[in-house]
Amino acid sequence: MGKLNVQKLKETLKYLESKQRELKKQNQNDTRSLESMIKYLKKDMMEQHDLSEHHQLIKQEIKDTEIFIENVKNIIKINS
C-alpha cells in the first residue's frame, strides 16, 4: 500500500462535500453539471490517491456520494 497524501485528500474531500451540499440545495433545478462534477471528483480521488488500496469496497460504493464521503473520512482517520 502506497503512502497516502492525507492533506491533499482532505482538501479534495472538502471540495467534494461542498459540491454535494450545493447539489442538495438545488432541489429540482437542473443539477446535471453538478452531478457530473461530483462524479468526476470521486473518480479523480480514486485514481490520484489509490483509494481502493486503502478500502476494499470503496469502488463498489462510489455511486452513493454520502457513503463515499464517509469512507474517505475513515481512510483519512486511519492514515492520520
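The model shown is predicted, which means the values in this text are computed figures rather than measured ones.
Taking NZ of Lys42 as the reference point, atom NZ of Lys59 lies at 14.0 Å (rounded to 0.5 Å). Atom NZ of Lys24 sits about 13.0 Å away from atom CD of Glu22, to the nearest 0.5 Å. Note that CE of Met45 is 9.5 Å distant from CD of Gln48, once rounded to the nearest 0.5 Å. To the nearest 0.5 Å, atoms NZ (Lys19) and OG (Ser33) are separated by 9.0 Å. Distance check: Lys77 NZ to Asn79 CG gives 12.5 Å after rounding to the nearest 0.5 Å.
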Please test Glu61 against Glu70 for side-chain contact (heavy atoms from CB on, under 4.5 Å), starting from the C-alpha separation and ending with a verdict. CA-CA 11 Å; Glu61 299 168 344; Glu70 287 306 312; over 6 Å; no
Stepwise side-chain contact (heavy atoms from CB on, under 4.5 Å) check, Asn74 with His55: CA-CA 9 Å; Asn74 288 334; His55 188 289; 5.7 Å; no
Let's go through Phe68 and Leu51 carefully: what are the C-alpha distance in whole Å and the side-chain angles of both, what is the deciding distance for side-chain contact (heavy atoms from CB on, under 4.5 Å) to 0.1 Å, and is it a yes or a no? CA-CA 10 Å; Phe68 182 82; Leu51 295 181; 4.0 Å; yes
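For Arg21, there are no salt bridge (charged side-chain N to carboxylate O under 4.0 Å, His left out) partners, not counting sequence neighbours. For the salt bridge (charged side-chain N to carboxylate O under 4.0 Å, His left out) test, no residue two or more places apart in sequence or in another chain qualifies with Glu35.
A 4.5 Å side-chain heavy-atom check between Ile58 and Val72 finds at least one atom pair inside the cut-off. The shortest distance between side-chain heavy atoms of Ile78 and His54 does not fall below 4.5 Å. Residues Lys39 and Lys43 have side chains not in contact (no heavy-atom distance under 4.5 Å, counting atoms from C-beta outward).
Not a single donor-acceptor pair under 3.5 Å links the side chain of Asp50 to the backbone N or O of Glu53. No donor-acceptor distance shorter than 3.5 angstrom exists from the side chain of Asp44 to the backbone of Tyr40, with no hydrogens or angles considered.
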Which atom pairs, one a donor and one an acceptor, fall under 3.5 Å between side chains of residues 9-17 and the rest of the protein, sequence neighbours left out?
unit_1 : atom_1 : unit_2 : atom_2 : d
Thr12  : OG1    : Lys8   : O      : 2.9
Glu17  : OE2    : Lys73  : NZ     : 3.1

